[in-house]
Amino acid sequence: MSITSEAIWAALPTTNRGRPTILSADAKGERLAYASNKSIFLRSIDQPEISKQYTQHTQPTTVARFSPSGFYVASGDVTGTVKVWDAVGEGATKGEYSIIAGRINDIAWDGDSQRIIAVGEGKERFGHCITADSGNTCGEVSGHSSQINSVSIRQQRPLRAVTGSDDTSMVFYHGAPFKFNTKLQEEHSNYIYGTQFSPDGNALVSVGSDRKVWVYDGKTGEAQKRIGDGEHTGSIFGVSWAKDSKHFATASADQTVKLWDVEAGKATQTWRLGEEGVMNKDHHQVGIVWPHGRTDGLVISVDLEGRLNYFAQGNPKPVKTVYGHPKNITALGLVDDSKPTIFTGDYEGRVSSWDLASGTASAVEGKAHSGQVSAFSAGDGRVHSVGWDDTMRTIDVASNTFTSNNVAALETSGQPTGIAQSSSGHVLIATQKGIDIVSSSSGEKTGELTTKFSATSIAVQTTDSSTVAVGCDDKSVRLYSISSGGKSLTEVATIPNLTAVPSALAFSPSGDLLAVGNASGGISVYSHSDLALVTSRWSAHTSRVTGISWSKDGLFAVSGSLDTNVFVWSLKSPGKRIKAAGAHKDGVNGVVWIGDEGAKGVKVMSVGADAAVKTWKVTDSKIQTRGRIITKKKTFLPSNFYTCAGGGSAGSKAKVDAAEEVRRVPAGTAFPLPTPGQNDHGFFTLLAEHTEVKAIKGRAGKVPLLTPFLVLRQRAHLLCIVLVRICVADKEPIAHNAHNKTECKHESWRTWVRGPGAARRWWRRDASMCVVSWRGRPRERSLWWWRKVTPRPLNSVVVPQPVTDDDEQSADQGGKNVGEAVQNFALLHRWKVSTHDIVCFCQDKDGLSFVTCLDPCVDSSLKGHKPSQRDRNVQQNPTDAG
């Protein structure tokens, strides 16, 4: 089973009131780069649902800038650290540099993508110039007495740089290396928020909180003119040039984005966001970028809510708005109807709906929560949400709006911690004081249960809709029965003495099982009928479990935790799990299983503190070939097939090219062996039929599948069941013991040893057979046989019981189990030479391989060969073979 990332629906940029937000576009105009929480997102402009996340910063990020080449990104955080990383490949970090002792406000690249200037809130200095590849100093930033908000580098030679600061001044630098040249103090009367050179390097523009726009000569830094007096009525937070160097765009707190003609000195188009005539801080435009490399003249701005607004020249309204969350997503809910939709709520009370088909988000309109959203429940075309404002609100799914009736702000009895809805129309809210019962249709509270404990989580059984499970802070789970009118709850059972406070509950779709996740990271599954413990082995999380969701067939479950990981669990194999490590930076806050085919190609969705929504594809079959794990299709595999194919090196593992399905071979299974004269391929095909392996192919151009054997892997032991058939019709010895290294001295055999720890091989001189014993790594300790003749087979061989993970027997006892199987087989067939067959059971123990071989001394025609002591022991006591 495997889990792979399929999509990242990016968080919105992090914004702060009264501070610019930096947006950067690559040279082709295809992607945006921006900072969000502790991550940097590279997001497709035309397909916003496609993005890439960089998570190597350990503190909140502040800025990200593409290099002019488009191959690298430089990003900064609040600690003054700048990281340079790969924007095209896997996001590998190329360099990490400490620039200043404070927040990085802006970063600029030179035209060669070799030098970087980073500025911000320093103590001893407010910026620094370095080389991108090594961090060596290539100049100094000086001349300011307060934090620097903006920096820009001229892309042509001679190199020039400019910085704008809270001290109302601009400093002009010559380089490289960059050195102070001129300080301009008369143009702006307040904070300078934006400075940028034109693409051709001939002009420079600056903007600030004094609402002024100044244009300068790009080579000398001399002020040329002030334009657009009175156009903006609020602070101007950003400026960005068009690629023609004749126009630029500005974004302002007056809720407008303007396009400017430099030569004419006036605004040519204005877009106003929000309701006309009404000032709303949420629509303050705090950042802007005019992507180059495009032909449509697209301009993108970001408002204080983090929403990305797309503008096209000539169109009076934004052509697109990208919604999402700029802050920690704290709740996740699924509406699984004809059009599957998920709802997400964040730390500040925003609620968004996401179309699963397109990956696009829409803001839920209407009066939202004023605090953190805690949980969602869905049913009857409605979605109910609870939040830290101690209210329950209802969303109409069809209109994607909060309802305006009294359900919109139903007050709860205490701070809500969870919500669940039954199919009978009852909504149950867990609070710190008890449990509230609300009618889903009328929105009125029908009942309330006051408790001595604080409810930490809640779940409703979906089949009978009358059973409610409530997690309690006294380390127990209580089960209640809902009265027919939904007026009261009656306690019917208790799961006491849990190891930690339950933090997440989930009934399986059939209602037969209840999964309980706790604050310590453990998950236990109980039978609903008698509360018997089914498994407690889902315990890989190291922090509080925040969400559990079952697959529709009830065989698998997915969980998320504050440890940042997502795990997928199997009910049939509770000791096995697959992990999406670091799924969300700073923690996973919700998971949901999507699909109707169990674990076959379905998807899992998760949300977390990085404010991103992620989709994971779950597949579950693994075939191991040549030490690699390749993902196939079906269920968990405790066993794998290896073959030694003709034409290859003796003892090497030849790959199984195609296996559509492999299943467990239970102990006691009898493999019917072929009738005399049946060839190898026919034998393996017959074996494959009994182990449910389909569509087996041999290696192209080789003799296929000459030596099949089955390997059952366990945690501490390696049990090999080797099906070997050899020809000894000419009465030649083939015995070899891997333990005492007895050599075969018969004249028709020759040996070849390839050095210490390598394979020892015995070749028959006519090259029709080779016996190989491996003394390498434990997983390779087994006996290999390679031959070119057809033997006479036995009737069957029985698979012994392997040592399991739960078996507390020692390795010696495990060997005894295998030895008993060998003994039974030996007593049945007497190790007769006329049998011409050998079955070898190899148990890895203390670094040694134990191999049972045919005794060559049974036949008196073997002249001059004496059996080893181990051969004698095996003949006298076959149990020792284990």
Side-chain angles (χ1 to χ4, degrees), residues 20 68 105-112 115 117 119 126-127 129 138-232 235-250 258-268 288 290:
N105 286 336
D106 199 3
I107 295 173
W109 289 81
D110 73 344
D112 300 327
R115 302 173 185 86
I117 300 179
V119 298
F126 300 108
C129 311
C138 60
E140 61 179 13
V141 175
S142 60
H144 290 292
S145 60
S146 186
Q147 71 169 359
I148 302 176
N149 298 316
S150 178
V151 62
S152 182
I153 300 178
R154 187 173 185 262
Q155 301 296 289
Q156 298 79 18
R157 293 183 182 276
L159 295 181
R160 300 289 186 264
V162 64
T163 54
S165 170
D166 274 3
D167 63 8
T168 74
S169 68
M170 286 176 52
V171 174
F172 204 70
Y173 305 87
H174 286 191
F178 293 100
K179 295 182 179 181
F180 177 90
N181 178 260
T182 306
K183 185 172 184 178
L184 306 174
Q185 294 181 298
E186 304 298 328
E187 285 70 27
H188 287 279
S189 59
N190 212 328
Y191 303 152
I192 298 176
Y193 286 143
T195 57
Q196 193 171 72
F197 283 95
S198 63
D200 61 9
N202 293 326
L204 167 67
V205 64
S206 67
V207 297
S209 62
D210 58 2
R211 310 170 190 177
K212 298 176 182 178
V213 180
W214 277 91
V215 179
Y216 310 82
D217 183 272
K219 293 181 181 181
T220 64
E222 180 182 352
Q224 293 182 333
K225 58 182 176 181
R226 172 180 164 183
I227 64 175
D229 286 347
E231 285 285 349
H232 280 298
S235 297
I236 306 174
F237 286 111
V239 60
S240 182
W241 284 89
K243 64 180 179 180
D244 61 6
S245 298
K246 297 180 180 179
H247 302 83
F248 59 82
T250 55
K258 293 181 180 289
L259 300 187
W260 300 81
D261 185 310
V262 177
E263 185 175 351
K266 63 180 181 180
T268 59
I288 194 165
W290 196 327

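Remember, it's a predicted structure, so these values are computed and weren't measured experimentally.
With 3.5 Å as the limit, one finds a donor-acceptor pair spanning the side chains of Ser150 and Thr195. A donor and an acceptor atom, one from each side chain of His232 and Thr250, are located under 3.5 Å apart.
Each of Asp229, Val239, Ile236 was scored for a side chain to side chain contact (heavy atoms under 4.5 Å, CB included) with Val213, with one residue passing: Ile236.
Distance alone, capped at 3.5 Å, places no donor-acceptor pair between the Asn181 side chain and the His174 backbone. One N or O on the side chain of Ser240 and one on the backbone of Trp290 form a donor-acceptor pair closer than 3.5 Å. Within the 3.5 Å criterion, the main-chain N or O of Phe197 finds a donor-acceptor partner in the side chain of Ser152.
Side-chain contact between Tyr191 and Asp166: present, with at least one pair of heavy atoms (C-beta onward) separated by less than 4.5 Å. When side chains are defined from C-beta on, Ile117 does not count as touching Tyr173, because their heavy atoms never get closer than 4.5 Å. Looking only at side-chain heavy atoms (C-beta outward), Cys129 and Val141 come within less than 4.5 Å of each other. At a threshold of 4.5 Å between non-hydrogen side-chain atoms, the residues Ser165 and Phe126 do not count as touching. For the pair Met170 and Ile192, the minimum side-chain heavy-atom distance is below 4.5 Å. Side-chain contact between Lys219 and Pro158: absent, with no pair of heavy atoms (C-beta onward) separated by less than 4.5 Å. Taking the side chain as every heavy atom from C-beta outward, Gln196 and Phe248 never approach each other to under 4.5 Å.
Around CD of Gln185, the count of heavy atoms belonging to other residues, nucleotides or ligands within 6.0 Å exceeds 12. Other residues, nucleotides and ligands place more than 12 heavy atoms under 6.0 Å from the CZ atom of Phe172. Within 6.0 Å of the NZ atom in Lys243, the count of heavy atoms belonging to other residues, nucleotides or ligands exceeds 12. A 6.0 Å sphere centred on NZ of Lys183 holds more than 12 heavy atoms belonging to other residues, nucleotides or ligands.
The two residues Ser189 and Lys212 come nearest to each other via the heavy atoms OG-NZ, 3.8 Å.
Between Asp112 and Arg157 there is a salt bridge, since a side-chain N of the basic residue sits under 4.0 Å from a carboxylate O of the acidic one.
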Residues Lys258, Glu231; criterion side chain to side chain contact (heavy atoms under 4.5 Å, CB included); working and verdict: CA-CA 9 Å; Lys258 293 181 180 289; Glu231 285 285 349; 3.3 Å; yes
Test log, rule side chain to side chain donor-acceptor pair (under 3.5 Å), inputs His247 and Thr268: CA-CA 9 Å; His247 302 83; Thr268 59; 5.7 Å; no
Test side chain to side chain contact (heavy atoms under 4.5 Å, CB included) applied to Trp214 and Leu184, step by step: CA-CA 11 Å; Trp214 277 91; Leu184 306 174; over 6 Å; no
Residues Ser206, His188; criterion side chain to side chain contact (heavy atoms under 4.5 Å, CB included); working and verdict: CA-CA 9 Å; Ser206 67; His188 287 279; 2.7 Å; yes
